[in-house]
Engineer: 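I have a structure here, written as structure tokens, and I will follow up with some questions on it.
Quick note on labels: first sequence line is chain A, next is B, and so on, each numbered from 1.
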Amino acid sequence: MKNKYIIGGGIVVVFLSLMVYLFTQSNIQYENDFTKIMQKGKTVRATGKWIKERNYITDPMTKNVTFFMRDNNGVEMKVLYKGTMPNNFEIAQSIVVTGQFREGTFHARDILTKCPSKYQDQKSANS
Amino acid sequence: MATNQYHLEIENLTKTFSRRIVFKNINYKYEKNGIYGISGFNGAGKSTLVKTIANIITPTRGVVAHINDNSLIPNDELHNYIGFLSPYIVFYEEFTAMENIFHFAKIRNVELDIDYVRSLFMQLGIEDRKNDQLKTYSSGMKQRFKLVFALAHHPKLVILDEPTSNLDEKGKESFYQIIREVSKNSIILIASNESTDLALCSSILHLEEYKK
Amino acid sequence: MIRSMWALFKKDLQSEIRTRYAINSLGMFIIVTVSVILFSLGSEKLAQNLTGGLFWVVVFFTAMSGLSRAFVSEEERGTVMTLHLIARPTVILGGKLFFNLGLIFLMNSVTFLLFSGFFETFVFKSPDIFLLVFIFGNIGIAVAATIIAAIIAKASGKATLYPVLSFPILLPLMLIVIDLTKTSLEGTTYTDAGIELSFLACYDIVMLVISYLLFDFIWKD
């Protein structure tokens, strides 16, 4: 009878710690190296800059938006996004797209923009 | 018949509900097959004692040892050694009497002795109603059916809590007859205040003696 | 022991066929919720990322309205002591778990068929992954719902407590399941969903073992 609790408790502890470990793994990681993203094809949050010169194109039929991003090393990547673009997309300093790279395009399911903050501007003006 | 292998030992059995002592330090041995009584005034704790013996309630202190073949029967296997009749037992009313018995045998995982069950129905006079749903039974008939439930799996220990309530004279007679027959092969405990019930018993435990 | 569990399952099944209590209430619940969603949509299309969430909302509340019956019905009828007398606690837990598993798989398949029929956007690009999510999710809900039902039944059948107690216990499961449903609607791979799928499997195992260990204490007064 006692054995039941020892074995059962053991199983619970092992699988609970496995769950905790998996939970820390399941958070999607940030990645700012596009070459790695293109190789692995995992779901990541890619951070980089929008290349203004190549503009973005909205397909009027499918509402798909295509644009290009560049990372710190100058590697460029084509991004496809379904949905409406965030308002402050064009003035963003950098953007974060969550999604997956497959067949030569990064399929984004989410876009976050990092905007130049007022306070940062003041700070840089003061200094 | 073979010698009695099963027996029951009660050691220092105590049950309290918060501060109230129901019974204290009961020591008793039931070693031979036969009929034994438990008596006490209303609220004395007869039902609590028999439930404790049947492992439905855990005692505050002390041990109820069910011994078979010189070894203790583990709690998990106890239910098939015990037959229990109590006013608190309720069956599945949407099933017929026979369906109840069939399901119980399957859940117990024992072979159902169908001839024995049929003879019990016959002796108790509910043979013609055994395929009726239990919700159509009167309380006296339900009481008779409870005895079938308690005995169907040939238990070594039969606990009867107020067995003859709701019964007419004829019903009581057939109950006593069946109980006497069964007592040849098992230990029977009767918790009751009916003088006719207690008249069957070879010894009687008076709960009043275990209050302090 | 499995035989006894199976016998208890058959007893519950026959009782359910006679009374149709759970089937009726669950069926009505599914029909009502799905039609309310349909009415509120009108002629619009439901956005794809919402269908997954809505599906599990319906599943969660169906489970809450039906699965507690397993133990509450025994407690209400007063048959708990009878069960005590004929089987060990593990058998009771197993039998009730079988019944709830059957019930939840039946009900959720119906919900799934209704969703696929009524919402055009409820189409999976990775149906194989969704099938796994469906199976693990249902098992997790059934196990958690069964053990919580046992606790609720002891608290003199306070059915309103049921969703309140279930929500925190099922929250991690629901979060993962909703997320995975969303990604399998959009299309995903085993490498991507692997971590979350194994998380689900672990959740099911942990709940099962904890239920097994705790049930002795819950069942006996």
Engineer: Can you tell me how far apart OG (C:Ser184) and CD1 (C:Ile129) are? Round to the nearest 0.5 Å.
Structural biologist: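 Reported value, rounded in 0.5 Å steps: 7.0 Å.
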Engineer: Drop me the distance from B:His79's NE2 to B:Arg108's CZ, to the nearest 0.5 angstrom.
Structural biologist: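 Nearest 0.5 Å value for the NE2-CZ distance: 7.0 Å.
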Engineer: Does atom CD of B:Glu208 have more than 12 heavy-atom neighbours from other groups under 6.0 Å away?
Structural biologist: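 Counting other residues, nucleotides and ligands, CD of B:Glu208 exceeds 12 neighbours.
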Engineer: Give, as side chain, backbone, both or neither, the part of C:Glu74 having an atom under 4.5 angstrom from any heavy atom of chain B.
Structural biologist: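 Side chain of C:Glu74 only, per the 4.5 Å heavy-atom cut-off to chain B.
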Engineer: Can you confirm whether more than 12 heavy atoms, excluding those of B:Tyr88, are under 6.0 Å from its OH atom?
Structural biologist: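 No.
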Engineer: For each of B:Tyr92, B:Phe104, B:Phe91, B:Phe84, tally heavy-atom pairs with chain C at distances under 4.5 Å, and name the one with the top tally.
Structural biologist: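 Of B:Tyr92, B:Phe104, B:Phe91, B:Phe84, B:Tyr92 has the most heavy-atom pairs under 4.5 Å with chain C.
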Engineer: Can you tell me which portion of B:Asn55 sits under 4.5 Å from chain C's heavy atoms? Options are side chain, backbone, both or neither.
Structural biologist: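 Its backbone and side chain both get close to chain C.
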Engineer: Quick one: pull up CD1 in B:Ile159 and OG in B:Ser47 and give me the separation to the nearest 0.5 Å.
Structural biologist: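 Atom-to-atom, B:Ile159:CD1 and B:Ser47:OG are 11.0 Å apart.
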Engineer: Select, from B:Glu99, B:Glu77, B:Glu93, the one with the greatest count of heavy-atom pairs under 4.5 Å involving chain C.
Structural biologist: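 So the answer, after comparing B:Glu99, B:Glu77, B:Glu93, is B:Glu99.
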Engineer: Identify which part of C:Arg77 has an atom lying under 4.5 Å from any heavy atom of chain B, answering side chain, backbone, both or neither.
Structural biologist: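 Both the backbone and the side chain of C:Arg77 come within 4.5 Å of chain B.
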Engineer: With a 4.5 angstrom heavy-atom cut-off, could you sort out which part of C:Leu83 is near chain B: side chain, backbone, both or neither?
Structural biologist: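 Answer is side chain: those atoms of C:Leu83 sit under 4.5 Å from chain B.
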Engineer: B:Phe149 versus chain C, heavy atoms under 4.5 Å apart: side chain, backbone, both or neither?
Structural biologist: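 The answer is the side chain of B:Phe149.
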Engineer: In Å, rounded to the nearest 0.5 Å, how long is the span from CD1 of C:Ile23 to CZ of C:Arg69?
Structural biologist: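 Answer for the CD1-CZ pair, C:Ile23 versus C:Arg69, is 12.5 Å.
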